[in-house]
S.K.: 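One structure, pasted below without further comment.
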Amino acid sequence: DHTTTDTLRTPIVAVLGHVDHGKTSLLDKIRGSAVSEGEAGAITQHIGATDIPLDTISGMAGELIDPTDFDLPGLLFIDTPGHHSFSTLRARGGALADIAVLVVDVNDGFQPQTEEAIDILRRTGTPFVVAANKVDTTPGWNSQDGQPIQRSLEAQSERAESRLNENLYEIIGQLSDAGFSADLYWRVQDFQKNIGVVPLSAVTGEGVPDLLTVLMGLSQRFMKEEMAIDVFGAGEGTVLEVKDERGFGATIDTVVYDGVVHNGDQIVVGGQEEPIVTEIRALLQPRPLEEIRTEKKFEKVGEVGAAAGVKIAAPDLDRAMAGAPVRVVRDRPVEDVIEEVKAELAEIEVDTAEDGVVVKADTLGSLEAMANALREAEVPILRAEVGDIAPRDIAVAETANQDEHKAILGFNVDLLANAETELENADVKLFTDEVIYQLIEDYETYVEEKQR
Ligand code: GTP
Ligand code: MG
């Protein structure tokens, strides 16, 4: 038996925003700059995440950071693909991410997925900063690669600077419309009350030192207590994605946010019907500094401690759900852990009605977000489930009483091939989209037209 040892874990930083606004480029830049700082060995690439230690961050932030001000180990960045709702990133009733970076293209401003992200940030109370990205595309811009943003602004013509300012104030106005008081980060005194906006470029790297500085400051000041974990505790995590992996079958890409997970551990994972009880066959990490999206070869590791991203291979994971909890059993009855997982899943169970539409979503978190949005739109739900659209969903939708409810709303899901003819022959309307608002708007328009 171990004695309890509290230590500070790495804060989890989610990078989110509209498609193409530059989330992945920003992370690539942070990784790339870290490599050119000569700290390549220090960065560890995780499944779905990148861990950047404090030393490396302070190297990149240069004059802006004094590393002795900090005692958190670094930052663990999670990239979220634009079409994939940030709502997957949930943990124990709240947000998995401790803080977030909302990436907004300075030229485009707020877009549907920006709004969606901001809704979830508000609902989960997640502190965030705004990365006003692509400043280098401002007409007449004179790029200052990798420099703090003030240095870069000093090098701009008045014309370029005022063009940029117009765009920045547009974003600050949009944040205010969304109910957040915001300002350029160097004018923010209290980051708990005001959202800091950091102008930057993911391509030239100017302003990136500022972003890292603000993130370290935010996590150090407001999150230190929440970062204290028992390093020997039974691991807890969240499923990011369920993926088939050659030679391993179904695996779960997991972010571990508490305790430690060992190879061979018995785990309980939220499944589509029942919690799945299984034993870990392998813990897989990408090889150092390999780009994860192209990574095919993994390294087997013996254990993974929070916070980290890891691929877990174990039997019976094919029914696991993205967004569901993962718990290591260790030293306690498995029934207790099953109950824990059930209780957590019950929290996000959607209220269904006698009559209503069928809802399908890619993850538990997005199902929850869909249910919230539908409640606000006063659209009742007959059944809500995670997964692609199957023949039985069409059968269920057909049983709706009102014609307008004979509909399936699918968020980020596909129509299974064996359900295609079923749909053709059924009196059921299918709506799919990758933006929740759009999906609901399309359905509402359909209902209005039907009622005419
Ligand atoms: P999804 O993952 O599809 O949601 O997109 P993303 O937000 O990860 O965007 P990504 O990083 O893939 O960037 C989209 C495009 O914008 C790419 O062509 C990038 O090169 C470009 N881009 C991103 N950041 C910048 C920037 O700061 N300046 C310029 N000029 N181009 C950028
Ligand atoms: Mg991306």
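First listed ligand is number 1; within each ligand, the first listed atom is number 1. Note that this is a predicted model, so its numbers are computed, not measured.
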S.K.: Would you check if the Mg ion (ligand 2) lies under 2.8 Å from any N, O or S atom of T24?
M.R.: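 Coordinating: yes.
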S.K.: Quick one: does G22 get an N or O within less than 3.5 Å of an N or O on ligand 1?
M.R.: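 Min N/O separation from ligand 1 is below 3.5 Å for G22.
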S.K.: So which bit of V203 gets within less than 4.0 Å of ligand 1, heavy atoms only: side chain, backbone, both or neither?
M.R.: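 The answer is both.
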S.K.: Test side-chain contact (heavy atoms from CB on, under 4.5 Å) on I312 and L283 and set out the steps.
M.R.: CA-CA 5 Å; I312 297 178; L283 287 172; 3.9 Å; yes
S.K.: Considering only heavy atoms, does H21 approach ligand 1 within less than 4.0 Å through its side chain, its backbone, both, or neither?
M.R.: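 Looking at H21 and ligand 1, just backbone atoms fall under 4.0 Å.
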S.K.: Among L75, T10, D98, which residue satisfies the side chain to side chain contact (heavy atoms under 4.5 Å, CB included) criterion with S219?
M.R.: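 Going through the options one by one, the only one that passes is L75.
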S.K.: Ignoring angles and geometry beyond distance, decide whether D136 reaches within less than 3.5 Å of ligand 1 through its nitrogen or oxygen atoms.
M.R.: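 So ligand 1 has an N or O lying under 3.5 Å from an N or O of D136.
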S.K.: Hey, what do you get for OH (Y185) to CG (L200), rounding to the nearest 0.5 Å?
M.R.: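 So the gap between those two atoms works out to 10.0 Å.
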S.K.: Does any non-hydrogen side-chain atom of V214 lie less than 4.5 Å from one of F191?
M.R.: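 F191 reaches V214 side chain to side chain.
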S.K.: N/O of S201 under 3.5 Å from N/O of ligand 1, yes or no?
M.R.: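 Yes, at least one N or O pair falls under 3.5 Å.
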S.K.: Any chance you could lay out the ring-ring contact (aromatic ring centres under 6.0 Å, His included) test for F180 and F128, step after step, and finish with the verdict?
M.R.: CA-CA 11 Å; F180 289 98; F128 67 99; 5.1 Å; yes
S.K.: Does the N or O separation between V135 and ligand 1 drop below 3.5 Å for any pair?
M.R.: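 Min N/O separation from ligand 1 is not below 3.5 Å for V135.
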S.K.: To the nearest 0.5 Å, what is the distance between CG on L415 and CD on E420?
M.R.: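 Here the rounded value is 5.5 Å.
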S.K.: Counting heavy atoms only, which of D20, N133, T204, L16 comes nearest to atom 14 (C) of ligand 1?
M.R.: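 Checking each option, the heavy atom nearest atom 14 (C) of ligand 1 is found in D20.
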